[in-house]
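Values reported hereafter were calculated over all heavy atoms of this structure, with side chains retained and with hydrogens, waters and symmetry mates removed.
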Amino acid sequence: MEQSIVTLPNFEENIYFFNHGNHAESYRFLGSKVHVHDGVKGYQFSVWAPNAYKVYLQGDFNQWANQAMNQIPGGVWTLFVPNAEQGQCYKYGIDHGNGHIEYKLDPFSNRFEIAPKDASIVWDLYDFKWQDDAWMRRRAKKNKYETPLQIYEVHATSWKQHADGTYYSFAELAAFLIPYVKEMGYTHIEFLPLMDHPLEASWGYQITGYFAVGGRFGTNEEFKEFVNLAHQAGIGVLLDWVPGHFCRNANALAYFDGTPTYEYPDVNQANNIGWGTLNFDLGRDQVHSFLISSAYYWLNEFHVDGLRVDAVSNMLYLDFDQGPWTPNEDGTNENKAGVRFLQKMNQTIHQLLPDVLMIAEESTSREKITHPVEEGGLGFDFKWNMGWMNDTLKFFEMDPLYRPANLTLITFVFMYQFKERYILPYSHDEVVHGKASMLGKIPGDRFNQFATLRVIHGYMLAQPGKMLHFMGNEIGQYLEWRYYSELEWIDLDRPYNTEYQHYMKTINQIGLKEKAFYQLDHDEAGITILDADNYDEGVLTFIRHGKRARDFVIVVCNFVPVRRSSVRIGVPYHGQYEILMNSDAKEFGGELLDSHQVFKTEPKAFNKQPHSIVVDVPALSVLYIRPKRIYGVKK
């Protein structure tokens, strides 16, 4: 890696675009930048602090003495330090003009000390030798909506740890995590926020450094190499990113120049009581430049394949949080500035990088999250389907005897599933704070718990929409996720866990191969409901379709621990059908030794289909049935 020595940019031009909210690369002129001035190599330090009385720079290069910076019109302070070197620590001293100087991190720093230490580190962008050209070319060509998207969500420091509790480096994660994800049939790794944050218990959702990998994880360059290796292995990388609110620690962004700088001037809007943070002022142009630059930084400089934008609802509604709120002049609660920012962000990112994924974690019933801005939408590519997640978990947590009568918890999604482009998530938020692990949520003995887990994920794969599993879901971990210790890999030595992990690998691989499970995820033509009203037996049947008429899979879900014999199922074509997958197979921890049956159609119309087959459906099971030899289908 070679250091990039940059020509000092035209400050006036950069400041103009930054102040007008139209700078997508403000990290290139703000922060510490290696520079040669009058033949002398050093670093140019630049910080935006528009209302500061004075700004000082102190660090290892000047024995931590306050050195006055020069103010440039437009609210930026700058200073060239000829003897500054890579790796030295520094802080900005913000003089409020009342005799008080507050020492701050550099908002644009590319590296920070590891908490509890709190200095920025002189660190510049490097020329990285990317070797992922083949991946980037494929990414640019593929239709992001008609290809598999099977996400493995990871907390980097608790996936696996060394015996002494120390964390895996990015190099070690590359050696173990990437091949594991590949083998398990996932297409993407999604990391909980890797940006610098002081408190591990926040899981990264209270950020202080929006342009740096947290020191506990490694360096920016080490993360680039991880992405490089993931892409070479055919695995995408997504990042959780938090543009709505930030850590209120006094040494970071909070009231940066002594006045509301990154946060709203209205205290009701600024204070995020529920999370103990401060909300970004989404109506301020400079905040637009800051946040859009951060998004572009990770997507462009690190070749990250997409961002999952956290807490979008908090950015859309003035009263989303607890406590007092200030309504609009017309009394409404929509955060109009937040709406405009999200639209602008998505339009900008998609203009610059059209093939990346912008994913909204949005929990309300607001419409058009994934619709184009031109149609009044927010412009996201995908939205997490939080309603589906809540309904399905409520359904599977109840006693199986009550599931048939509550089948609408499963089928209600059919009423709205094509209004947005959805990702179906079972994320980290569902296995913490006393909610129990996925396995621990399920009533019954261990055999029936694992049978139900197989149903949950077999149904999930078949349901229209892309898919996200949190780490540990695929091994049947019993304990809740704990951010401070590794997953319960030891569970793989217990009965059913290894078989269940094999099942998850199997259905994931089916999801990669069967076009019916991904080509029309967001099109009403992608599903035919056969029977969604079986409130007596709790059996759900539907057909998933690909683009070609012959690419379809019949899905049969039995949500109760009672075998259903001779179940008639309507099919569209005459011929023979075969079992693609039976979740009750012995190899998955079930009871069936031979699950590879073939069914011949009968000339009896059923479920509004011209033909039908008769199937025995095991207790607590999911069946995938595909055509083996059919007639009358168009090529």
Handout entry: Worked verdict on Asn272 versus Leu278 for side-chain contact (heavy atoms from CB on, under 4.5 Å)
Key = CA-CA 5 Å; Asn272 193 308; Leu278 290 168; over 6 Å; no
Practice task
Please test Asn314 against Asn279 for side-chain hydrogen bond (donor to acceptor under 3.5 Å, both in side chains), starting from the C-alpha separation and ending with a verdict.
Solution key: CA-CA 9 Å; Asn314 179 64; Asn279 293 319; 3.1 Å; yes
Exercise for the section: Considering only NZ, NE, NH1 and NH2 on the basic side and carboxylate oxygens on the acidic side, decide whether Glu146 and Lys547 come within less than 4.0 Å. Expected result: yes
Handout entry: Distance in Å, Phe517 CZ paired with Leu520 CG, rounded so as to fall on 0.5 Å steps
Key = 12.5 Å
Exercise for the section: Tell me, yes or no, whether the heavy-atom count around Glu374 atom CD, taken from other residues, nucleotides or ligands under 6.0 Å, exceeds 12. Expected result: yes
Handout entry: Counterpart residues, side-chain hydrogen bond (donor to acceptor under 3.5 Å, both in side chains), relative to Arg138 (two or more places apart)
Key = none
Practice task
Would you check, one step at a time, whether the test side-chain hydrogen bond (donor to acceptor under 3.5 Å, both in side chains) holds for Thr277 with His245?
Solution key: CA-CA 6 Å; Thr277 54; His245 62 109; 2.9 Å; yes
Exercise for the section: Take atom CD of Glu397 as the centre, draw a 6.0 Å sphere, and report whether it contains more than 12 heavy atoms from other residues, nucleotides or ligands. Expected result: yes
Practice task
Under the side-chain hydrogen bond (donor to acceptor under 3.5 Å, both in side chains) rule, collect the residues that match up with Tyr297, sequence neighbours excluded.
Solution key: Asn110, Asn220
Exercise for the section: Please confirm whether the backbone N or O of Ile151 pairs with a side-chain atom of Glu153, one donor and one acceptor, at under 3.5 Å? Expected result: no
Exercise for the section: Just do the side-chain contact (heavy atoms from CB on, under 4.5 Å) check on Leu357 and Leu149 with the steps written out, would you? Expected result: CA-CA 11 Å; Leu357 305 179; Leu149 180 58; 4.1 Å; yes
Handout entry: ring-ring contact (aromatic ring centres under 6.0 Å, His included) involving Phe559 - partner list, sequence neighbours excluded
Key = Phe395, Phe396
Problem - Exercise: do Asp381 and His350 side chains pair donor with acceptor under 3.5 Å - result: yes
Completion exercise
Rounding to 0.5 Å, atoms CD1 (Ile207) and CG (Leu199) come to a distance of 13.0 Å
Handout entry: Sequence neighbours excluded, every pair satisfying salt bridge (charged side-chain N to carboxylate O under 4.0 Å, His left out) that has a member inside residues 279-301
Key = Arg28-Glu301
Problem - Within residues 309-318 or reaching into it, pairs that qualify as salt bridge (charged side-chain N to carboxylate O under 4.0 Å, His left out) - sequence neighbours excluded - result: Arg308-Asp310
Problem - Cationic N near anionic O, under 4.0 Å, Lys144 to Asp355 - result: no
Exercise for the section: Show the numbers, then the answer: is there a side-chain hydrogen bond (donor to acceptor under 3.5 Å, both in side chains) between Arg216 and His197? Expected result: CA-CA 9 Å; Arg216 63 174 65 85; His197 56 278; 3.1 Å; yes
Problem - Listed partners of Trp298 passing ring-ring contact (aromatic ring centres under 6.0 Å, His included), at least two apart - result: Phe302
Practice task
Return the orientation label for the Tyr145 and Phe382 ring planes: parallel under 30°, perpendicular over 60°, tilted otherwise.
Solution key: perpendicular
Practice task
Salt-bridge test for Glu329 and Lys336: reply yes if a basic N is under 4.0 Å from a carboxylate O, no otherwise.
Solution key: no
Problem - Ring centre gap for Phe211 and Phe290 strictly below 6.0 Å - result: yes
Exercise for the section: Inspect the surroundings of CZ in Phe17 and state if more than 12 heavy atoms from other residues, nucleotides or ligands are less than 6.0 Å away. Expected result: no
Handout entry: Donor-acceptor under 3.5 Å (Asn335 side chain, Gly338 main chain)
Key = yes
Completion exercise
Sorted by chain and number, sequence neighbours left out, ring-ring contact (aromatic ring centres under 6.0 Å, His included) with His457 holds for Tyr426, His469
Problem - Separation of Gln463 CD from Tyr459 OH (nearest 0.5 Å) - result: 4.0 Å
Handout entry: Step-by-step side-chain contact (heavy atoms from CB on, under 4.5 Å) determination, Thr411 to Leu540
Key = CA-CA 9 Å; Thr411 61; Leu540 170 67; 4.1 Å; yes
Exercise for the section: Answer yes or no: is there an ion pair linking Lys435 with Glu480, defined by an N-O contact shorter than 4.0 Å? Expected result: no
Handout entry: Aromatic ring proximity Phe246/Phe280, centre distance under 6.0 Å
Key = yes
Exercise for the section: Take Gln477 and Ser437, measure what side-chain hydrogen bond (donor to acceptor under 3.5 Å, both in side chains) needs, and give me the verdict at the end. Expected result: CA-CA 7 Å; Gln477 174 158 315; Ser437 67; over 6 Å; no
Practice task
Go through the structure and list residues passing side chain to side chain contact (heavy atoms under 4.5 Å, CB included) with Asn228, not counting sequence neighbours.
Solution key: Phe128, Trp130, Gln131, Asp132, Glu225, Gln232
Practice task
Apply side-chain hydrogen bond (donor to acceptor under 3.5 Å, both in side chains) to Thr370 and list each qualifying residue two or more places apart in sequence or on a separate chain.
Solution key: Glu420
Exercise for the section: Using the ring of Trp135 (Phe, Tyr or Trp, six-membered ring only), decide whether Lys142 places NZ or CZ under 6.0 Å from its centre and within 45 degrees of its axis. Expected result: yes
Completion exercise
Sequence neighbours excluded, the answer for salt bridge (charged side-chain N to carboxylate O under 4.0 Å, His left out) partners of Arg544 is Asp521
Exercise for the section: Check the surroundings of atom CZ in Phe412: do more than 12 heavy atoms from other residues, nucleotides or ligands lie under 6.0 Å from it? Expected result: no
Problem - Salt-bridge present (Lys394, Asp391; N to O < 4.0 Å) - result: no
Exercise for the section: Answer yes or no: is there a donor N or O on one side and an acceptor on the other, between the side chain of Asp196 and the main chain of Phe112, under 3.5 Å? Expected result: no
Practice task
Verify, without hydrogens or angle tests, whether Glu362 (side chain) and Thr364 (backbone) share a donor-acceptor contact under 3.5 angstrom.
Solution key: yes
Fill in the blank from the handout: CG of Leu318 to CD of Glu334, rounded to nearest 0.5 Å, is 8.5 Å
Exercise for the section: Quick one: do Phe191 and His155 satisfy side-chain contact (heavy atoms from CB on, under 4.5 Å)? Show the steps, please. Expected result: CA-CA 6 Å; Phe191 282 110; His155 181 253; over 6 Å; no
Exercise for the section: Measure the spacing between CG of Leu229 and NZ of Lys224 and express it to the nearest 0.5 Å. Expected result: 14.5 Å
Fill in the blank from the handout: When Trp203, Tyr483, Trp481 are each screened for ring pair (Phe, Tyr, Trp, His ring centres under 6.0 Å) with His433, the one that passes is Trp203
Practice task
Return yes when atom OH of Tyr416 has more than 12 non-hydrogen atoms of other residues, nucleotides or ligands closer than 6.0 Å, and no otherwise.
Solution key: yes
Exercise for the section: With rounding to the nearest 0.5 Å, note down the distance linking OG in Ser427 to CD in Glu361. Expected result: 7.5 Å
Exercise for the section: Verify, without hydrogens or angle tests, whether Ser293 (side chain) and Ser26 (backbone) share a donor-acceptor contact under 3.5 angstrom. Expected result: yes
Completion exercise
For Trp159, the side-chain hydrogen bond (donor to acceptor under 3.5 Å, both in side chains) test, sequence neighbours excluded, returns Tyr152
Problem - Residues in ring-ring contact (aromatic ring centres under 6.0 Å, His included) contact with Trp48, at least two apart in sequence or another chain - result: Phe18, Tyr262
